[in-house]
Amino acid sequence: MQFQYPNGTSIPPGAVQVVGVPKCLRFNRPTANVDSFLVLPQFSPIKKSAAFVVSVWVRGENGCAAAIAQGAGVGVGFDGQTPTALVATGVPIEGWQRLEATIAGVPPTASALKMHFIPVGSALFVDDIRIHPFNASMKSFVYNPLNLRLMAELDENNYASLYEYDEDGTLVRVKKETERGIQTIKETRNAMAK
């Protein structure tokens, strides 16, 4: 999903304009012998909880990560408080820059967590927003919505391993995002003798 603010428009707190039509899938929740706390309907951090990490990948218009140096960015904060700015970590990878911040915890008076997107120029593209406890490890998985094949796996540092398949659905290539760009780490080809 891409977020964009029109150039020259003031940004109301918490407002986001969605560019394009995102695909949304609704999966049925498990119903048999499952406690209600296992599947949460929305993101709800616990008040007075320990620190947590927020990370996101961003780029400016024309696929440029240099927009971060020009003042574009992302902030996260709770209602009534000054947002914490996410800072660039690592080097840009193919025009995308990872931003990250550690938030001390959820204040007891908070009722909403707000993300602020600050573009330079006409657009700020946002991808892979992740929020998780500081003392935890998190992996995310991305599946193709049509054939349900694993397309990407994001590790604890929010770097992706990308999976590519041939026409038959056989895994042929695995690529990994690194600080030197996207590297192929595994490639296989099979052929049948005639």
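Side-chain atoms are counted along with the backbone in the values below, which use heavy atoms only and exclude waters and symmetry mates.
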Note, K114 side chain near V76 side chain (heavy atom, < 4.5 Å): no
Of the non-hydrogen atoms in E156 and S137, which two are nearest, and what is the gap between them? CB-OG, 3.6 Å
Can you see which heavy atom on N144 is nearest to which on L146, and at what distance? OD1-N, 2.8 Å
Mind checking side-chain hydrogen bond (donor to acceptor under 3.5 Å, both in side chains) for T178 and listing every partner two or more places apart, or none if nothing turns up? none
Heavy atoms, side chains only, cut-off 4.5 Å: are F125 and W57 in contact? no
Residues forming a side chain to side chain contact (heavy atoms under 4.5 Å, CB included) with A85, sequence neighbours excluded: none
Could you pull out all residues at least two apart from Y163 that satisfy ring-ring contact (aromatic ring centres under 6.0 Å, His included)? none
Here the gap from R98 atom CZ to T89 atom OG1, rounded to the nearest 0.5 Å, amounts to 3.5 Å
Atom pair OG1 (T84) and CD1 (I103), whose distance is rounded to the nearest 0.5 Å: 4.0 Å
How close do P83 and H116 get, heavy atom to heavy atom, and via which atoms? CB-CD2, 3.5 Å
Out of curiosity, does Y143 fall in the hydrophobic cluster containing Y165 (side-chain heavy atoms, cut-off under 4.5 Å, transitive links)? yes
Should M138 and L86 be counted in the same cluster of Ile, Leu, Val, Met, Phe, Trp and Tyr side chains packed under 4.5 Å apart? no
Acceptor/donor pairs from residues 169-177 side chains to any protein atom, 3.5 angstrom cut, sequence neighbours excluded:
from, atom 1, to, atom 2, distance (Å)
R173, NE, E187, OE2, 3.3
R173, NH1, E164, OE1, 2.4
R173, NH2, E187, OE2, 3.0
K175, NZ, E164, OE2, 3.4
K176, NZ, D155, OD2, 2.9
E177, OE1, A160, N, 3.0

Name all pairs fulfilling the salt bridge (Lys or Arg N to Asp or Glu O under 4.0 Å) condition that reach into residues 129-149, sequence neighbours left out, sorted by first residue then second. K139-E153
Testing the basics here: between F52 and I131, what is the closest heavy-atom pair and its distance to 0.1 Å? CD1-CG2, 3.5 Å
Shared-cluster residues of V53, by chain and number - hydrophobic side chains joined below 4.5 Å: F134
Which atom pair, heavy atoms only, marks the closest approach of A51 to T102? CB-CG2, 4.1 Å
Go through the structure and list residues passing side chain to side chain contact (heavy atoms under 4.5 Å, CB included) with E179, not counting sequence neighbours. V91, Y159
How many angstroms lie between CG in L150 and OG in S161, if you round to the nearest 0.5 Å? 9.0 Å
Report the residues that fulfil side-chain hydrogen bond (donor to acceptor under 3.5 Å, both in side chains) with S55, sequence neighbours left out, ordered by chain and then residue number. N158
Taken to the nearest 0.5 Å, the spacing of F117 CZ from L124 CG works out to 7.5 Å
Evaluate the side-chain contact (heavy atoms from CB on, under 4.5 Å) criterion for residues E94 and I182: first the C-alpha distance (whole Å), next the side-chain angles of each, then the deciding distance (0.1 Å), finally the verdict. CA-CA 8 Å; E94 295 191 1; I182 297 178; 3.6 Å; yes
Taking every non-hydrogen atom, the tightest pair across A88 and Q97: CB-NE2, 3.6 Å
Between L154, V58, V142, V56, which is the residue that forms a side-chain contact (heavy atoms from CB on, under 4.5 Å) with D128? L154
The reported gap from CG in L113 to CZ in F78 (rounded to nearest 0.5 angstrom) is 5.0 Å
Assigning hydrophobic clusters by single linkage (Ile, Leu, Val, Met, Phe, Trp, Tyr; side-chain heavy-atom cutoff under 4.5 Å), is V74 placed with I129? yes
